[in-house]
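Reading through the structure tokens given below for one structure.
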Protein chains: 2
Amino acid sequence: MPSHEFQAHDHSHCVSDAMNAALVHCEKNGLKFTPVRQRVFEILLSEHKAMGAYDILEILAKEGMGSQPPVVYRALDFLGTHGFVHKIEKLNAFVACEHPGSDHDPAFMICRSCTKVVEMNGSPNSEISSAAKSMGFEVEAIVVEAEGLCPTCQDTE
Amino acid sequence: MPSHEFQAHDHSHCVSDAMNAALVHCEKNGLKFTPVRQRVFEILLSEHKAMGAYDILEILAKEGMGSQPPVVYRALDFLGTHGFVHKIEKLNAFVACEHPGSDHDPAFMICRSCTKVVEMNGSPNSEISSAAKSMGFEVEAIVVEAEGLCPTCQDTE
DNA sequence: TGAGGGCTTGATATACTATAACAGTTCATA
DNA sequence: TATGAACTGTTATAGTATATCAAGCCCTCA
Ligand SMILES: [Zn+2]
Ligand SMILES: [Zn+2]
Ligand SMILES: [Zn+2]
Ligand SMILES: [Zn+2]
């Protein structure tokens, strides 16, 4: 059983790796990684969970960084456009990307018990792509979200 | 290239097949396929497109079948629970099931140009299931939604 | 230097999606 | 006929997302 983010791990590495990758990517591409954007990213990095835009906004507001919805939606739009966060459609919520730097179609596992959200390794989407292609459909983006129980929560049920 | 619902076809068969299957299933299982539920299903069957709850409600209202959101959401809940319609998470919208009667994890193709939504044949989800299983994750439900261009719309671009 | 232009932020208002809660009705059945 | 379960009507409210316009910042080029 490979280790992964559902299990206990040194999460400070997740945070620093992702933040560093984002800083480097913005630097290289002349993107403005402004304080609000950076703070929203930090908030999403703090746990492997999806957060609603309004949950994030509440934190920002307490810190005096903006109190209106557009503030957080604009930051999320920036972060999503550049691949730093993903939207979880099933939850109408957002999660920090775990594979920074690589352009990828993410696929997620959502634990309904502990609410953690983890990206699958690799891109297990080739079967879907080829099923679509065999019907003549040209895929541009794929949403893959598996809901269920993570290893830890299976044990405690 | 197999034929499918993106292309021209005798759509009246889609409608009558699905409605018959639903009627039979409700009959067999003692489910109450009430006028509102039946009408909502008909509306969703009229095209291979996803419709928002409020679009459906607008039609119901014109016909004097209920004018408040709970009416349509309750009907959609019934239809979803019994597998007659699916929710498209990416669109926050609902579509009639094309494989009535069979218990299945649907996978969708969404054309961004003509907005048609078609279920893939088979369940091309085994790759995802096994990727999840290899990480110890127990899948209970899968959302698969591929967005792109259908065969027809590729030609006209 | 300072006028312009593009991008970011602030702020107000509004649109869109979904559910909670309770009252009234229908219908099967005990 | 009484009882209860399920469906419908209705009001109110919660939750998610965007349109729009004004104001500020930063870079660049005349
Ligand atoms: Zn971590
Ligand atoms: Zn869990
Ligand atoms: Zn059809
Ligand atoms: Zn199309």
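Below, chain A is the first sequence line, B the second, and so on; all start at residue 1.
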(message) Near DNA chain C, counting only heavy atoms under 4.0 Å, which residues of residues 33-42 of chain A show up?
(response) A/T34, A/R37
(request) Kindly state which residues belonging to residues 105-113 of chain B come within less than 4.0 angstrom of DNA chain C, counting heavy atoms of the residue only, listed by number. (result) none
Starting at [atom1] of [X] and ending at [atom2] of [N], how long is that distance when rounded to a whole Å?
X     : N      : atom1 : atom2 : value
B/L60 : D/dT10 : CG    : C1'   : 16 Å
A/L76 : C/dT8  : CG    : C1'   : 16 Å
A/M65 : C/dA11 : CE    : C1'   : 17 Å
B/D77 : D/dT8  : CG    : P     : 12 Å
A/K90 : C/dA18 : NZ    : C1'   : 15 Å
B/E89 : C/dT17 : CD    : C1'   : 12 Å
A/I56 : D/dA17 : CD1   : P     : 10 Å
A/M51 : D/dA17 : CE    : C1'   : 17 Å

Under the rule for ring pair (Phe, Tyr, Trp, His ring centres under 6.0 Å), what residues qualify as partners of [X], not counting sequence neighbours?
X     : answer
B/F6  : A/F137, B/H4
A/H99 : A/H104
B/F84 : B/H25, B/F41

(request) Output all residues satisfying side-chain hydrogen bond (donor to acceptor under 3.5 Å, both in side chains) with A/E89, sequence neighbours left out; order by chain, then residue number. (result) none
(request) Using the test side-chain hydrogen bond (donor to acceptor under 3.5 Å, both in side chains), find all partners of B/T156 that sit at least two apart in sequence or belong to another chain. (result) none
(message) Suppose we screen for salt bridge (charged side-chain N to carboxylate O under 4.0 Å, His left out). Which residues come up paired with A/E47, at least two apart in sequence or across chains?
(response) A/K49
(request) Report the residues that fulfil salt bridge (charged side-chain N to carboxylate O under 4.0 Å, His left out) with A/E63, sequence neighbours left out, ordered by chain and then residue number. (result) A/R39
(message) With heavy-atom distances below 4.5 Å as the criterion, would you say the side chains of A/K90 and A/E147 are in contact?
(response) yes
(message) Does the protein touch nucleotides 18-28 of chain D at the base, only the backbone, or not at all? Give it as B, S and - per nucleotide, heavy atoms under 4.0 Å.
(response) BB---------
(request) May I ask you to say whether B/R112 pairs ionically with A/E140, meaning some side-chain N is under 4.0 Å from a carboxylate O? (result) yes
(message) Quick check: on DNA chain C, is the nucleotide nearest B/A93 upstream (toward 5') of the one nearest A/L31, or the reverse? Name the residue that is more 5'.
(response) A/L31
(message) If hydrophobic residues (ILVMFWY) are linked whenever their side-chain heavy atoms come closer than 4.5 Å, directly or via other members, who joins B/V143 in its cluster?
(response) A/V143
(request) Could you tell me whether the side chain of B/H11 and the main chain of B/H9 form a donor-acceptor pair under 3.5 Å? (result) no
(message) Please compare B/G66 and B/N92 by the position of their nearest nucleotide in DNA chain D and report the one closer to 5'.
(response) B/G66
(message) Can you tell me if B/K87 touches the phosphate of C/dT17, counting only side-chain N or O atoms and a distance under 4.0 Å to OP1 or OP2?
(response) no
(request) Just compare C/dA18, D/dT11, D/dA17 and give me whichever is closest to any side-chain atom of B/Q68. (result) D/dT11
(request) Quick one: which residue pairs count as a salt bridge (Lys or Arg N to Asp or Glu O under 4.0 Å) with a foot in residues 11-36 of chain B, not counting sequence neighbours? (result) none
